[in-house]
Amino acid sequence: MPRPLIVRDLILFLGRVGVGAVFVAHGWQKLADVGIENVAAGFEQMKVPFPAASAWFAALAELVGGAALILGLATPLAGIVLAVDMAGAYLFVHAGNGMFVDQGGAELVLALGLSSLVFAAVGAGRLSVDHVITARLPRPGAPRSASKPRGRGRGRPAATRH
């Protein structure tokens, strides 16, 4: 049985806010609480390539990408960036540690990364900035509005003016 669109949009909104809030918290933690230098040092110990650049990427991807998810702004791009961030976390930190977080496992990065891919694939829904922006854009192939004459003059085509 199909759900009404508003139910779908509300579910997407709640999911975006929940996942986005977790990302914002982790990005803020890297920037403000732990500090980029300490994050980079930790990344270096874990053999993450380019630890300083990776620390900045992770912190900004999580903070800005998480905020974008919450707002539903550039959702496909934010979802892909966050999924890449979580793929790196999985590959360089959590792979081989089992599933559970209390053992350094992958459950959180898998849930966050794959949720981000879902948002990248299906979009943000109508309760989003993306919807507000795209609703105002002209549709490809749609006829132009004929409500106002174009050009100068009294509505006559430019070629017939003297």
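All values below come from the heavy atoms of this structure, side chains included, with hydrogens, waters and symmetry mates left out.
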Considering all heavy atoms, the nearest [X]-[Y] contact:
X: Ala74; Y: Asp130; answer: N-OD1, 2.6 Å
X: Val93; Y: Asn97; answer: O-ND2, 3.0 Å
X: Ala78; Y: Ala68; answer: CB-CB, 3.8 Å
X: Ala61; Y: Leu82; answer: O-CD2, 3.1 Å
X: Leu127; Y: Phe13; answer: O-CD1, 3.8 Å
X: Ser115; Y: Ala111; answer: OG-O, 2.6 Å

Taking the side chain as C-beta and beyond, is there a heavy-atom pair between [X] and [Y] under 4.5 Å?
X: Leu60; Y: Lys30; result: no
X: Arg8; Y: Leu5; result: yes
X: Leu63; Y: Phe23; result: no

What distance separates [X] [atom1] from [Y] [atom2], expressed to the nearest 0.5 Å?
X: Leu12; Y: Leu69; atom1: CG; atom2: CG; answer: 11.0 Å
X: Phe43; Y: Phe57; atom1: CZ; atom2: CZ; answer: 10.5 Å
X: Asp102; Y: Glu107; atom1: CG; atom2: CD; answer: 7.5 Å

For the hydrophobic clusters of this structure (ILVMFWY residues joined by side-chain heavy atoms under 4.5 Å, transitively), does one cluster hold both [X] and [Y]?
X: Phe92; Y: Phe50; result: no
X: Leu71; Y: Leu14; result: no
X: Val22; Y: Phe119; result: yes
X: Val101; Y: Val19; result: yes

Atom CD of residue position Gln29 - does it have more than 12 heavy atoms of other residues, nucleotides or ligands inside 6.0 Å? yes

With a 3.5 Å distance limit and no angle check, can you tell me whether [X] reaches the backbone of [Y] through a side-chain donor-acceptor pair?
X: Ser54; Y: Pro49; answer: yes
X: His94; Y: Gly104; answer: yes
X: Asp9; Y: Arg126; answer: yes
X: Asp85; Y: Val81; answer: no
X: Arg16; Y: Ala124; answer: yes

